[in-house]
Amino acid sequence: MPPRPPQAPPENTLDRIMGERRAKASALREAGSDPYRNDIAPTISLHAVRERYAATKPAPVEPVERVPGERPATPDVITPIDGEPLRVAGRVMVKRGSGKMVFAPLRDASGDLQLYINIEHLDAGDFATILPRLDAGDQVAAEGPAFWTKRGELSILVKRLWIVTKSLRPLPDKWGGLEDLETRYRQRYVDLVVNTEVREVFRKRSAIVSGIRRFLDARRFLEVETPMLHSIIGGAAAKPFATHHNALDIPMYLRIAPELYLKRLVVGGFERVYEVNRNFRNEGLSRRHNPEFTMLEMYQAYATYTDLMNLTEELVGELAREVCGTTALTWDGTPVEVAAPWRRITVQDAVRELGGIANADEVFSDPAVAAEVAIASGVPAADIARVLREGIRGDDMGDQAELTAGFKDAARRPALAKALIERYPDDLARRVRAGHLGYLIFEATAEAKLVQPTFLTQFPLAVSPLARKNDKDPAVCDRFELFVCGKELANGFSELNDPDDQRARFAAQVHAKAAGAAETMDYDEDYCRALEVGMPPTAGEGIGIDRLVMLLTNQASIRDVLLFPLMRPE
RNA sequence: GGGGGCGUAGCUCAAUGGUAGAGCAUCGGACUCUUAAUCCGCUGGUUCCCGGUUCGAGUCCGGGCGCCCUCACCA
C-alpha cells in the first residue's frame, strides 16, 4: 500500500468507502460507461422471471465437496432453460464470489433474483470494466437467459451487465440489518431497501386504501376533495396548525377535520360522499398519534348511525379477508376477531359493566354523584369543575381556579357541586352535565377494556356538538365510536341537520370555551346557513386509516405505518 | 411538559474508573455453484455535545441534544 500523504485529512470508514465508490464511478465514466445512465430498461420483473420458470425447477444436484483454493479440473457446463435472453434490473444486495465468478442477488420492486456472473459467459468488455467497479447497493441491469444452479436457485446467466446507478453509500450489514429506529424512520429509503417486511406493511397500506375506495365506489359513494386550508376551526375538537395567507392577509388553519365541508356537499345533493386525506392536529406525538394523519370520512344520506356501524363491520371484515386472508387477527400480541357482528354497548353500560361503577344510572342522571365517582376514578378535579361550570347559563360561572381547589377538597366538594347544579336551568341540563362527567369516567375506567372490536354508543350530548339527539333521550346522541384494543378507530353518528339545534350547539361550544375548555369548535355561520337550506337526514363517519392499517398489519406504533413519521429535524 | 431507558467503527454489538474491541462491510490477496460463501492479510474511532470529579472517564457527576417507552394532552 502506498503511504498516505502527510497532508491528507484523517479519513473515517464512511468517507473512505464513499471515496472509493466515487473513484469507481469516475473510472466507469472514463471507460465510456455512464454510472448514472438512463438508456437501459428491464423487459421483465424479477418476480415475473420466477413465475415464468417455476415449473421447470429440476431436482437439486448433490454438491461436490471442494477443498478451498483448489482449482476444479474443468469449468461447469451451464444449460439455460430456454435460451431466451431476459433483461432484468435491480439493486445488488450482496456481491459474493471469486475472481472469475460472482453471485449477485438482485432486488427490484417485485422481489429478489440472483445474477450469476461468470468469465465464460459475460461479455469480455463488461467483465473488465463493469464487474470490478460493481458494489453491493448499485443499481444494475443485466441481460442473459435463465438457468437453475446446482443448488436449485433460479438465476440469470449474465451475458451483458450495466451499472445504471452507482451507489456511493454502503448498505447496512447484510446480517445485522438496519435495526436503529431513528435511522429507520429518518432514512426510510434505506429501511425499505433492506427490510422487506417494511415494504410489505406499506404495500398492505396501499391495498387497504384502494380496497376502501373499491368498497365505497361500489356503493355509489362519490370521492371528493375539500379544502385543507380552513379559515374557521371546525369538525372536531383539536388544536390547529395556524398559518397565514399573504394575498388575502388572513389567518388560516390546516384542517383538523373535513366534516363540515363534506356535509355541505350532502346539502348540495351529493347524497353519498367520501374523502380520504390528511388531517392536521397540533398535539403531542405518541404510538397512536402523529400530527398529520389520514382519515376516511364518509356521509350517506337517508342512513342512520346504525347503518354505518353495519357498513363498518362489513368494510373492515372485507379488508381483513383481502389483505390478511383472515378475520382472525393479532394486534400487539392480542388476538382480535374482526368478523361481524361486533359488540355494541352504550357509554352508560360500559361504565357500569367494564368500569365497575354499580350506580352508573345515578352517575348519568345526577351530576353531584357523577362528580364524586369521577374523583374516585381519577378524573382531575379541574376537569370536573369545568364541566359543572358549563351547565350554568350566562357569564357568571365562578372562578375556575377557585372551584378546582374546592373540588380537590372532599369536605367542600359536595356543597360546591350542589351550588353549581342548583343554578342549572332544568333537569335536561343536569343530565347533560352528568353525561359529560360519565364520559370522563368511561375514559378513566372502561376505555382500555374495549379489546375486541366494540361500538360504543349513545354519547353524551355535551361531547357531540354535530350529532343528532336521540329521539327518546335528548341527553345523548345517536353516535358511536369504534374501539379495538382500547384504541379509537372510528367515530360516526346520525348527523344533526336541525339548523336551530346546530346553532345552539355552536353556542354551547363558545360557552364551553369561556368556561375554560381548551379545544372547542368555532361558530360556523355558513355551515348553519347550509343546514337552513336543508340537509337530508344523513349519517357520517370518520375512520382513522393509520390505526386501521396498524390493526391490519399488526403494528404497535403509528410510526410503523407512516412512511415518514414526524421527527425533530436533524 | 413529567418519569424511565438508550446513544461506542458504515451496520449489529462488546468493553470492574486503568492501552477502545469483535463480527460483517470496505481495501489487498487466493478461489469457476455461492446464498451469513470460504481462506489469508490490512485498514477503519470527536465513544452524541459541553463542562466537572479523578493520577486516569466510553464508564461517575452536572447541563444540553436526539431517539424509544410511559404518563399527561389528544372531548
Side-chain angles (χ1 to χ4, degrees), chain A residues 1 4 10-21 60-61 63-64 66-78 93-105 112 114-122 135-137 147-153 155 157 168-186 190 194 236-239 256 281-291 293 380 383 386-387 390 435-436 439-440 442-443 459-460 462-465 479 481 488 491 509 512 517-521 556-557 559 565 567-570:
Chain A
M1 288 212 95
R4 181 166 292 153
E11 233 183 358
N12 63 33
T13 314
L14 180 60
D15 288 340
R16 182 168 55 73
I17 291 172
M18 291 185 67
E20 287 158 1
R21 291 186 171 209
V61 176
V64 183
R66 283 185 49 225
V67 182
E70 188 181 304
R71 199 178 286 256
T74 52
D76 288 314
V77 176
I78 292 168
M93 299 310 293
V94 298
K95 188 183 174 187
R96 187 191 303 132
S98 70
K100 298 197 175 83
M101 172 215 68
V102 168
F103 286 95
D112 292 5
Q114 75 174 5
L115 300 182
Y116 178 72
I117 301 165
N118 184 310
I119 192 169
E120 299 291 324
H121 300 90
L122 180 63
D135 288 303
F147 76 105
W148 292 95
T149 67
K150 289 178 187 171
R151 303 289 169 83
E153 181 86 23
S155 312
L157 178 62
L168 299 182
R169 290 180 181 270
L171 288 177
D173 182 58
K174 61 175 176 280
W175 189 239
L178 180 63
E179 295 289 325
D180 183 72
L181 279 176
E182 185 174 356
T183 311
R184 286 188 44 219
Y185 296 148
R186 289 193 191 277
V190 179
V194 175
K239 296 188 195 76
I256 57 173
R281 297 186 183 176
N282 204 341
E283 287 156 1
L285 292 83
S286 80
R287 290 207 311 172
R288 323 181 206 12
H289 298 88
N290 196 67
F293 62 99
D383 292 345
R386 177 177 51 75
V387 167
E390 283 176 28
H436 194 161
Y439 186 72
L440 298 181
F442 161 80
E443 290 183 313
F459 273 63
V463 298
S464 314
R479 172 180 173 189
E481 281 190 358
E488 180 193 341
N491 173 22
Q509 288 288 300
E519 279 109 25
T520 58
M521 292 183 201
S557 173
R559 296 182 194 95
M567 305 284 274
R568 195 176 288 277
E570 285 181 272

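Letters A, B, ... are given to chains in the order of the sequence lines, protein chains preceding strands, and every chain is numbered from 1.
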**Asked** Which whole-number value in Å describes the distance from A:Asn12 CG to B:rG45 P?
**Response** 7 Å
**Item:** Length of the line joining A:Lys239:NZ and B:rC73:P, which is rounded to integer Å
**Value:** 10 Å
**Message:** Just to be sure I understand the rule, does A:Arg169 reach a base, reach only the sugar-phosphate, or reach nothing, if contact means heavy atoms closer than 4.0 Å?
**Reply:** nothing
**Asked** Once you round it to whole Å, what is the distance between P of B:rU38 and NZ of A:Lys95?
**Response** 16 Å
**Request:** Considering only atom C1', compute the distance from B:rU53 to B:rC61 and round it to an integer number of Å.
**Result:** 7 Å
**Rounded distance in Å between the C1' positions of B:rU8 and B:rA57** = 14 Å
**Message:** At 4.0 Å (heavy atoms only), tell me whether A:Phe459 reaches a base, stays on the sugar-phosphate, or touches nothing.
**Reply:** nothing
**Prompt:** Roughly how far, to the nearest 0.5 Å, is the NZ atom of A:Lys239 from the CG atom of A:Asn282?
**Reply:** 8.0 Å
**Request:** Rounded off to whole Å, could you give me the NZ-to-C1' distance for the A:Lys174 and B:rG10 pair?
**Result:** 13 Å
**Request:** Hunt down the Watson-Crick or G-U wobble partner of B:rU38, both distances under 3.5 Å, from any strand shown, or write none.
**Result:** B:rA30
**Message:** Need one value for A:Ala238: base, sugar-phosphate or nothing, where a base atom within 4.0 Å counts as base even if backbone is also close, heavy atoms only.
**Reply:** nothing
**Request:** Look at all strands and tell whether A:Arg559 reaches a base, only sugar-phosphate, or nothing, counting heavy atoms closer than 4.0 Å.
**Result:** sugar-phosphate
**Complete:** A:Glu488 atom CD is separated from B:rA75 atom C1', nearest whole Å, by 10 Å
**Prompt:** Cationic tip of A:Arg479 within the cone over A:Phe459's six-membered ring, i.e. under 6.0 Å and within 45° of the normal?
**Reply:** yes
**Asked** Do the side chains of A:Pro170 and A:Leu14 get nearer than 4.5 Å, heavy atoms only?
**Response** yes
**Request:** Determine which nucleotide pairs with B:rG1, using a 3.5 Å limit on both distances of a Watson-Crick or G-U wobble pair.
**Result:** B:rC71
**Interatomic distance where CZ belongs to A:Arg288 and P belongs to B:rC73 [whole Å]** = 13 Å
**Interatomic distance at C1', B:rC31 relative to B:rU46, whole Å** = 41 Å
**Item:** Separation of the C1' atoms in B:rC27 and B:rC68, to the nearest angstrom
**Value:** 36 Å
**Request:** Pick base, sugar-phosphate or nothing for A:Met567, based on heavy-atom distances below 4.0 Å to the nucleic acid.
**Result:** sugar-phosphate
**Request:** Go through B:rC11, B:rU32, B:rA75 for me and flag the one nearest to the A:Asp173 side chain.
**Result:** B:rC11
**Message:** With rounding to the closest Å, how many angstrom separate the P atoms on B:rA20 and B:rG3?
**Reply:** 35 Å
**Message:** So for A:Arg16 and B:rU43, does any side-chain atom that can act as donor or acceptor lie under 3.5 Å from a complementary atom in the base?
**Reply:** yes
**Item:** Strand partner of B:rC6, provided both Watson-Crick or wobble distances fall under 3.5 Å
**Value:** B:rG66
**Prompt:** Is there side-chain contact between A:Phe103 and A:Thr149, with at least one heavy-atom pair below 4.5 Å?
**Reply:** yes
**Complete:** From the candidates B:rA75, B:rC27, B:rG10, the one with an atom nearest any side-chain atom of A:Glu20 is B:rC27
**Complete:** Of B:rA75, B:rC33, B:rU70, the nucleotide closest to the side chain of A:Arg287 is B:rU70
**Prompt:** What nucleotide among B:rU32, B:rA36, B:rC68 has an atom nearest to a side-chain atom of A:Asn118?
**Reply:** B:rU32
**Complete:** By nearest-nucleotide position on RNA chain B, the 5'-leaning member of A:Val94 and A:Pro170 is A:Pro170
**Request:** When you get a sec, tell me which of B:rU12, B:rC68, B:rU32 is the closest nucleotide to the side chain of A:Glu179?
**Result:** B:rU12
**Complete:** So CZ of A:Arg288 and CD of A:Glu488: to nearest 0.5 Å the spacing works out to 11.5 Å
**Partner nucleotide of B:rA20 by Watson-Crick or wobble geometry (both distances under 3.5 Å)** = none
**Request:** Name the closest nucleotide to the A:Arg186 side chain, picking from B:rC69, B:rC33, B:rC67.
**Result:** B:rC67
**Asked** Among B:rC73, B:rG10, B:rC11, which nucleotide sits nearest the side chain of A:Leu178?
**Response** B:rC11
**Prompt:** Mind checking the C1' distance from B:rG45 to B:rG1? Whole angstroms is fine.
**Reply:** 37 Å
**Pair A:Asp135 + A:Lys95: basic N to acidic O under 4.0 Å** = no
**Prompt:** Touch check for A:Met521, heavy atoms < 4.0 angstrom, all strands: base, sugar-phosphate only, or nothing?
**Reply:** base
**Complete:** Of the listed B:rC69, B:rC33, B:rC11, the closest approach to the A:Pro172 side chain comes from B:rC11
**Asked** Judged by atom type as modelled, is there a donor-acceptor pair below 3.5 Å linking the side chain of A:Glu153 to the main-chain atoms of A:Trp148?
**Response** no
**Message:** Rounding to an integer number of Å, can you tell me how far A:Leu285 CG sits from B:rC71 P?
**Reply:** 15 Å
**C1'-based separation of B:rA36 from B:rG23 [nearest Å]** = 11 Å
**Prompt:** What distance, rounded to whole Å, do you find between the two C1' atoms, one in B:rU12 and one in B:rC73?
**Reply:** 37 Å
**Message:** In the structure I gave you, are the side-chain heavy atoms of A:Asp383 and A:Leu440 within less than 4.5 Å of one another anywhere?
**Reply:** yes
**Asked** Heavy atoms under 4.0 Å, any strand shown: does A:Ile119 hit a base, just sugar-phosphate, or nothing?
**Response** base
**Fill in**
Rounded to whole Å, NZ of A:Lys100 lies from P of B:rG29 at a distance of 14 Å
**Message:** Of the listed nucleotides (B:rA75, B:rA36, B:rU32), which one gets closest to any side-chain atom of A:Pro465?
**Reply:** B:rA75
**Asked** Of all the nucleotides listed (B:rC69, B:rC27, B:rC33), which has the minimum atom distance to the side chain of A:Asp135?
**Response** B:rC27
